[in-house]
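Note sheet for the following structure.
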Number of protein chains: 2
Amino acid sequence: MTASITDVARAGGVSASTVSRALRGRPGVSAEVRDRIVALAAQLGYTASRSASSLASGRTYTIGVLVPYVGRWFFGTVLDAAERVFSAAGYDVLLYNLGSPETRKRFFTRLPVRKRVDALLTLLIPDEEESAALRSLGVPLVTTVGGPRPGFTVVGIDDRAGTESAVRHLVNLGHRRIGMISGASGPLHWTTPIERRNAYLDVLAAAGIDHDPTLEADGDYTVEGGERAMTELLAAARPPTAVFAQSDEMAMGALRALRRHRLKVPEDVSVVGFDDHELADVVGLTTVAQPVAEQGAEAARLLLRRMDEPDAEPPAAQVQMPIRLVLRETTAPPHPRGPQ
Amino acid sequence: MTASITDVARAGGVSASTVSRALRGRPGVSAEVRDRIVALAAQLGYTASRSASSLASGRTYTIGVLVPYVGRWFFGTVLDAAERVFSAAGYDVLLYNLGSPETRKRFFTRLPVRKRVDALLTLLIPDEEESAALRSLGVPLVTTVGGPRPGFTVVGIDDRAGTESAVRHLVNLGHRRIGMISGASGPLHWTTPIERRNAYLDVLAAAGIDHDPTLEADGDYTVEGGERAMTELLAAARPPTAVFAQSDEMAMGALRALRRHRLKVPEDVSVVGFDDHELADVVGLTTVAQPVAEQGAEAARLLLRRMDEPDAEPPAAQVQMPIRLVLRETTAPPHPRGPQ
DNA sequence: GATCTGAACGCAAACGCTTGCGCAACAGGG
DNA sequence: CCCTGTTGCGCAAGCGTTTGCGTTCAGATC
């Protein structure tokens, strides 16, 4: 078996408490002894058992991260960045992939993170019941995506402004039949699709364009969903000349559908996405860029800071990261005669 | 504070041992008592402290997963699938994102998973020293990617066959100047790029094509790297008419570079990738498809199985998943006059 | 030189669980 | 009716740390 603290203590001719204090840099140990113990521990390959130390101290040095879909670019990128910050600070991360309703439900009823984490970062939006469950854990909570929520610090972007810049761009190009591919079918408490939809409607209204419900379709935030949605839109009585997709992945699905229909982008149909996906540049997609990795890193830093200052009152702060419209090759003025 | 096992015991008028046995379905408890305790525990919202139980039992119900880059599609997808299998089996996953050499080194010297996990899934290839460190943990080890390794069960694909199908496809189309974008700059012990390179060389040799070293470039397995590599190849005295990229992400970077150089794909240059990335279809990329999520799931299942049967002798098995060439729109016979 | 002070260290009690063992109580076989 | 099993449960000893408190001792203070 691996060495325990008493092995080190015995070998060093000191008590276990001294070893503990020496290794964690606590006061009450002379410099010579400390150095000797540190060297000895390294030599013996000693690492404190996390279970034992967290049992004794109540701290776990572990942070839970809740993710809807690790495989999706957005979440993977956020997680990647957050993990770097956490591990640099000496924390381990416990990952929960809560994509399906069943796993999600099971997680919130069993709450396996109880007494296992010092803090929680959630990349999904808990509903009222779920956030109550998380608050009951009594650890700092930070979430990316979504609106303000009591007890949570949230870091995100200005969805409204982002959407406005995208749709206005299409309006300014001269488009009047502007479709939208959204992710409306998600959980109702997820405000992002709603925010973006409202902004979309507002821009149209401001431009004096009547809203046409047949120009909206659900793309489920996936490539396939985007493809289906675009196909749906193309089947409308008067198909759109431009489409705003609420995510780049859906936009790429739309591009695929358009190619299948032998429609040219941007000549026949303009497409603008949201996210600035790593591959958006490859397909030349015009999109609303948001700093994805930075959001993860910032959220992680905020969480660490909140752990340091255990004020009773959680700030419930909201951090907004900058967005900007990136013009590429999928948008252009409408074709004089429209599609088909 | 949250309820402890003694709280439940007291409330139920039994001993803590009985509560422990009842909740974990151990024998030695009558059916009535068991039901009563289970109900009581649920009512009190009791969950056993993982630190305490793992300290006492030595089992952690946690599986460590080592990933080079969570944000990359391949690894994100594998992780996603593996996590589902683990969590369905009641295990938590501890994630280590070991992209940079420093974090990787720190991980292997400090080995924070010691006594923290019951098993380890690594999505990276440990070198000799690293695998020795992992073996010293005394837990089952499974790895995806890479060649056979003592103590490890590995699930992967036939890199050689995959590469051969891709390069042969280009040869069959009539190409003679076939470039390759690889990830050769990675750690030397990573055999994948080497396997693929050897297969590439073999196919060329079999076709009677002399190997031209200026037709090889390093793409670092990233989009940007692929773009740089393609740019490099295009600057060669005699640029290739076709390129095999060892990953789809590099292939997409190559596509971007080609677009920047106003070269048409596949008219001027053919491109074939490897992986069948989620977005490969969107850009019409011809590629070697491998079942990525299935590899993660299969690796996870193998790991669980090995945990169930604690045979002294690890099987050191190797599982190979099927691959197939997917023809899309980035490959065609060479242009009669070649590029430029 | 007696007293005080602080630093450096050891003791032992937690932390919350698991588990080997012991001990009733009870059943059934002789 | 005794003996041997079996079943159901409690006791208590860990598991490997952390940490409050007590002790020792060198040096400073008067």
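Protein chains get the first letters and strands the later ones, always in sequence-line order, with residue 1 at the start of each. Both backbone and side-chain heavy atoms feed into the values below; hydrogens, waters and symmetry mates do not.
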Below the 4.0 Å mark, does [N] have OP1 or OP2 next to a side-chain nitrogen or oxygen of [X]?
X       : N      : answer
A:Ser4  : D:dC15 : no
A:Ser53 : D:dT17 : no
B:Tyr46 : C:dC17 : yes

Of B:Arg34 and A:Ser20, the one whose closest nucleotide on DNA chain D sits nearer the 5' end is B:Arg34
Heavy-atom nearest nucleotide on DNA chain D for B:Val14 versus A:Ile5: which residue maps closer to 5'?
B:Val14
Is there a donor N/O on one and an acceptor N/O on the other, under 3.5 Å, for the side chain of B:Ser51 and the base of C:dC15?
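It does not, because no donor-acceptor pair links the side chain of B:Ser51 to the base of C:dC15 below 3.5 Å.
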Taking atom types as they are modelled, would you say the side chain of A:Ser57 forms a donor-acceptor pair with the base of C:dC15 within the 3.5 Å cutoff?
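A donor-acceptor contact between them is absent.
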Could you please name the option among [options] that lies closest to any side-chain atom of [X]?
X        : options               : answer
A:Ala48  : C:dC9, C:dC17, D:dT17 : D:dT17
B:Val33  : D:dC9, D:dT18, C:dT18 : D:dC9
B:Lys115 : D:dG16, D:dC9, C:dG10 : D:dG16

Quickly work out the [X] [atom1] to [N] [atom2] distance and round it to whole Å.
X        : N      : atom1 : atom2 : answer
B:Arg26  : C:dC17 : CZ    : P     : 16 Å
B:Arg21  : D:dC11 : CZ    : P     : 12 Å
A:Arg24  : D:dT17 : CZ    : P     : 11 Å
B:Arg10  : D:dG10 : CZ    : P     : 14 Å
B:Arg59  : C:dC17 : CZ    : C1'   : 15 Å
B:Leu23  : C:dT19 : CG    : P     : 14 Å
A:Leu55  : D:dT19 : CG    : C1'   : 13 Å
B:Arg114 : D:dG16 : CZ    : C1'   : 14 Å

Under 4.0 angstrom, heavy atoms only, what part of the nucleic acid is A:Ser17 near: base, sugar-phosphate, or nothing?
base
Crowded around B:Tyr61 OH? As in, over 12 foreign heavy atoms under 6.0 Å?
no
So, are B:Arg301 and B:Glu298 salt-bridged, with charged N and O less than 4.0 Å apart?
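Yes.
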Salt bridge A:Arg305-A:Asp308, side-chain N to carboxylate O under 4.0 Å
no
Not counting sequence neighbours, list each pair that qualifies as a salt bridge (Lys or Arg N to Asp or Glu O under 4.0 Å) and has a residue in residues 45-55 of chain A.
A:Arg50-A:Asp92
Report yes if some heavy atom in the side chain of A:Thr153 is under 4.5 Å from a heavy atom in the side chain of A:Arg306; otherwise report no.
yes
